[in-house]
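Worksheet: one structure, shown below.
Chain naming here is simple, since letters A, B, ... match the order of the sequence lines and numbering starts at 1 in each.
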Amino acid sequence: QKEVEQNSGPLSVPEGAIASLNCTYSDRGSQSFFWYRQYSGKSPELIMSIYSNGDKEDGRFTAQLNKASQYVSLLIRDSQPSDSATYLCAVNGGMTGTASKLTFGTGTRLQVTL
Amino acid sequence: AAGVIQSPRHLIKEKRETATLKCYPIPRHDTVYWYQQGPGQDPQFLISFYEKMQSDKGSIPDRFSAQQFSDYHSELNMSSLELGDSALYFCASSEASGANVLTFGAGSRLTVL
């Protein structure tokens, strides 16, 4: 079992709809959670970070964290064709203030259709 | 704002050759990470350095080595290259004393023929 699990997709949503991306992780001690967006052949770009249970909103993006269920999600409202990319869930098992690696899920490919 | 700089951006090598990738972190970032991403794969962690010392080691082959220098730049050395080493190699940097958010460079694409 991978440490970070995502549905590979593709997830297809029409323009203007809400896209919901999900991620589960196995290390219950994980402290920090991130969503990165990656266009084909490009580097991962940070979209959201979340550290405590609940919701965190930033523009059209909302990250949700439930540590009891070991579950992280990303909602994208008013989806645009430019949102079409692979979304990588990443988990950092270390405490903030320490140098610790990110473990990535396999990514979910999102397609926003016109 | 300054970003993570990687060089070269593209590299073509023959089997059994050697390659060196360089990474210049964001100023004041003290931690560097190397990731390998094959086609259609998620980034796989190779190795990281904090304050010029190796801080963590992942799935890095014995043929690979890396170090972080006094100016905090890092180099990934790959020897006896194999076809399977063809991938995108990303460097990321972070400031460990903060939230430790990783910022990635544009990547170096290695093709082994």
Side-chain angles (χ1 to χ4, degrees), chain A residues 1-10 21 23-27 30-52 56 58 63 65 72 85-110, chain B residues 1 3-6 9-10 23 25-26 29-60 68 72 74 87-111:
Chain A
Q1 181 189 10
K2 277 185 68 72
E3 294 179 49
V4 182
E5 300 264 9
Q6 293 181 256
N7 187 321
S8 61
L21 305 162
C23 170
T24 57
Y25 59 95
S26 60
D27 184 356
S30 298
Q31 299 289 324
S32 309
F33 308 86
F34 305 88
W35 284 97
Y36 283 81
R37 178 176 64 197
Q38 187 175 30
Y39 295 110
S40 180
K42 303 296 185 183
S43 61
E45 173 194 9
L46 181 68
I47 298 296
M48 292 284 287
S49 59
I50 188 166
Y51 306 98
S52 55
K56 179 181 178 182
D58 184 1
L65 173 62
V72 193
T86 296
Y87 288 80
L88 297 162
C89 174
V91 175
N92 185 329
M95 301 290 292
T96 54
T98 64
S100 53
K101 68 180 187 292
L102 287 181
T103 299
F104 286 90
T106 51
T108 298
R109 189 157 60 93
L110 173 66
Chain B
V4 178
I5 306 298
Q6 290 189 246
R9 293 293 312 279
H10 301 274
C23 170
I26 291 172
H29 279 194
D30 48 24
T31 309
V32 168
Y33 309 78
W34 286 98
Y35 283 83
Q36 178 193 58
Q37 188 174 29
Q41 305 295 313
D42 53 295
Q44 293 294 312
F45 172 71
L46 294 178
I47 195 166
S48 62
F49 294 87
Y50 168 65
E51 285 291 344
K52 292 153 280 185
M53 299 286 289
Q54 182 181 309
S55 57
D56 202 352
K57 193 172 182 180
S59 52
I60 184 170
Q68 187 179 30
Y72 292 95
S74 178
L88 266 171
Y89 289 82
F90 290 110
C91 173
S93 73
S94 71
E95 186 178 6
S97 60
N100 201 36
V101 176
L102 274 64
T103 301
F104 284 80
S108 294
R109 181 175 293 282
L110 171 67
T111 302

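Here B:Pro43 is the residue among B:Ala92, B:Pro43, B:Gly58 with the most heavy-atom pairs under 4.5 Å with chain A.
Note that NZ of A:Lys42 and CG of B:Leu88 are 10.0 Å apart. Values are rounded to the nearest 0.5 Å. The distance from the OG atom of A:Ser8 to the CG atom of B:Asp42 is 11.0 Å, given to the nearest 0.5 Å. Once rounded to the nearest 0.5 Å, the distance linking CZ of B:Phe90 with CD of A:Gln38 reads 5.0 Å.
A heavy-atom distance below 4.5 Å is found between the side chains of A:Tyr36 and B:Leu102.
Without hydrogens or angle criteria, A:Ser43 side chain to B:Gly105 main chain gives a donor-acceptor distance under 3.5 Å.
Proximity to chain A (any heavy atom under 4.5 Å) is restricted, for B:Gln37, to the side chain, taken from C-beta onward. Within the 4.5 angstrom heavy-atom criterion, only side-chain atoms of B:Phe45, from C-beta onward, approach chain A. Residue B:Gln6: no heavy atom, backbone or side chain, is found under 4.5 Å from chain A. Of the two parts of A:Leu102, the backbone and the side chain both hold a non-hydrogen atom closer than 4.5 Å to a non-hydrogen atom of chain B.
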